[in-house]
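A quick write-up on the structure given underneath.
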Amino acid sequence: MNQTLAQLRAAAKETAERSTFFHVCKALAVGHGRPDAALDFARENGAPLAAQAILKNVVAGGSTANLPELAGTSTIIASYMDTLAGSSIFARAIADGALHRAPFHTRIIAAANPLQANEIAEGKPVRVRGLDLVAKSFGPRMAAAITVASDELWRSTDPRGVVFVERLLREAVASAVDAAVLATLDDANDFTAVIDDLQSFKNAFRNALSAIHKTPGHRIMVACSTQAANDLTGLDDAGRIDPLGGSIFGLPTVVTTGVTEGLVLVDWASVIGEVSRIEVVASNGGSLQLDDAPTNASDTPTATNLVSMFQTNTTAVKAGVWFACEQNRDDVAATITLEAS
């Protein structure tokens with residue numbers, strides 16, 4: 001009985017932590033970035049206590065930057081990354097413990113050439129091998145996405161509207177993080193497969209594995225573009241290739257929009273990564289270029305059409321993740337490009 005109650009409490013706590021970040025986003029959007037209005041909305045609508053505690057500490061301007069509740073090894077960060085794991089290969093690698101984690105602003109020392117041990121016969125000399133070390137900086141980077149929705153949708157307490165907006169935010173952040181992380185990794189190994197030829201795909205997959213799988217026990221995962229997942233569906237009669245991800249030939253596979261085409265195999269055990277904090281900023285007092293490839297940069301401004309959020313009764317929420325990712329050896333990733341027959 002006590003064990004069942006403990007399990008129920010643990011499940012309830014996990015559910016609350018998973019939804020905390022979104023409740024903060026929603027409250028700040030409804031409050032148009034004003035912490036007091038956001039906190040009032042959260043209280044009135046039964047937001048988790050953790051979300052209310054965060055909103056009490058939000059600075060003027062509606063930013064959660066540098067709040068300890070959303071930084072470091074916070075359970076809220078861990079829970080949020082878990083929610084991204086279904087659509088982010090980086091979040092999946094963190095959730096599964098597949099990569100090495102390290103504090104930010106540390107020097108990463110990697111071996112340029114691996115050490116090897118050999119059996120030594122009695123009276124024979126032990127081989128000596130020089131060790132070349134490569135030092136890399138492990139600094140923070142940010143991946144962010146802006147979601148714009150009508151004030152009516154942000155205020156909606158209808159579960160369908162809540163789920164819809166939460167999914168938009170989750171997918172946008174997952175895509176931004178994956179695109180940034182995969183661009184960091186060395187993917188010089190590029191192989192080609194014919195879409196409708198299973199044997200061609202098997203050969204390309206085998207070659208990609210041979211290029212990156214150097215050490216037994218390392219965790220290899222596959223990041224797959226949506227189109228590649230669609231193209232491969234039905235290719236394997238055994239049903240091992242699924243358009244929703246799952247696994248390809250036994251390797252965990254995540255379908256992510258962070259990959260624009262083909263597939264990317266990554267040896268995550270040869271990657272060092274970390275997430276230091278998540279943050280959110282909300283505002284309805286400005287104008288935005290509603291484009292997924294904006295050109296209106298502050299350093300090189302370009303004339304473009306802007307939309308007033310105040311005039312259109314909309315609010316923008318910028319959700320971001322501060323992360324770091326470095327590989328500690330060459331050949332940690334391989335790309336498979338799919339071509340028509």
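No side-chain heavy atom of Phe21 sits less than 4.5 Å from a side-chain heavy atom of Thr83. With a 4.5 Å cut-off on side-chain heavy atoms, Val321 and Ile278 count as touching. When side chains are defined from C-beta on, Glu171 does not count as touching Thr257, because their heavy atoms never get closer than 4.5 Å. Looking only at side-chain heavy atoms (C-beta outward), Leu263 and Ile248 come within less than 4.5 Å of each other. With contacts defined as side-chain heavy-atom distances shorter than 4.5 Å, the pair Lys202/Phe249 qualifies. Ser88 is not listed as a side-chain neighbour of Thr256, based on a closest heavy-atom distance of 4.5 Å or more. Between Phe201 and Leu338, the closest side-chain pair of non-hydrogen atoms falls below 4.5 Å. Using a 4.5 Å heavy-atom threshold, the side chains of Val194 and Glu339 count as separate.
Heavy atoms only, all atoms of each residue included: Val254 and Ala85 are closest at CG2-O, 4.0 Å. Of all the heavy atoms in Asp331 and Ala211, the pair that sits closest is CB-O, 3.6 Å. Listed here is the closest heavy atom pair of Leu153 and Ala149: CD2-CB, 4.0 Å.
Applying side chain to side chain contact (heavy atoms under 4.5 Å, CB included) to Cys325 and the options Ile272, Leu185, Val177 leaves one that passes, Leu185.
At a threshold of 4.5 Å between side-chain heavy atoms, the hydrophobic network of Ile, Leu, Val, Met, Phe, Trp and Tyr places Trp268 and Met81 in one connected group.
Atoms CG and CZ, from Leu209 and Phe191 in turn, are 9.5 Å apart once rounded to the nearest 0.5 Å. In this structure, NE2 on His218 lies 7.5 Å from NE2 on His213, to the nearest 0.5 angstrom. For the atom pair OG1 (Thr20) and CD1 (Ile54), the distance works out to 6.0 Å, reported to the nearest 0.5 Å. Atom CG of residue Leu84 and atom OG of residue Ser79 lie 11.0 Å apart, to the nearest 0.5 angstrom.
With respect to the salt-bridge test (charged N to carboxylate O, under 4.0 angstrom), the residues Asp96 and Arg92 qualify. Salt-bridge formation is detected for the pair Arg329/Asp267: a Lys NZ or Arg NE/NH1/NH2 atom is positioned less than 4.0 Å from an Asp or Glu carboxylate oxygen.
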Are Arg141 and Thr184 close enough, and set up right, to give a side-chain hydrogen bond (donor to acceptor under 3.5 Å, both in side chains), and what steps lead you there? CA-CA 11 Å; Arg141 301 159 59 194; Thr184 301; 2.5 Å; yes
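No donor-acceptor distance shorter than 3.5 angstrom exists from the side chain of Asn45 to the backbone of Ala47, with no hydrogens or angles considered.
Neither side chain, Thr335 nor Asp190, offers a donor N or O lying under 3.5 Å from an acceptor on the other.
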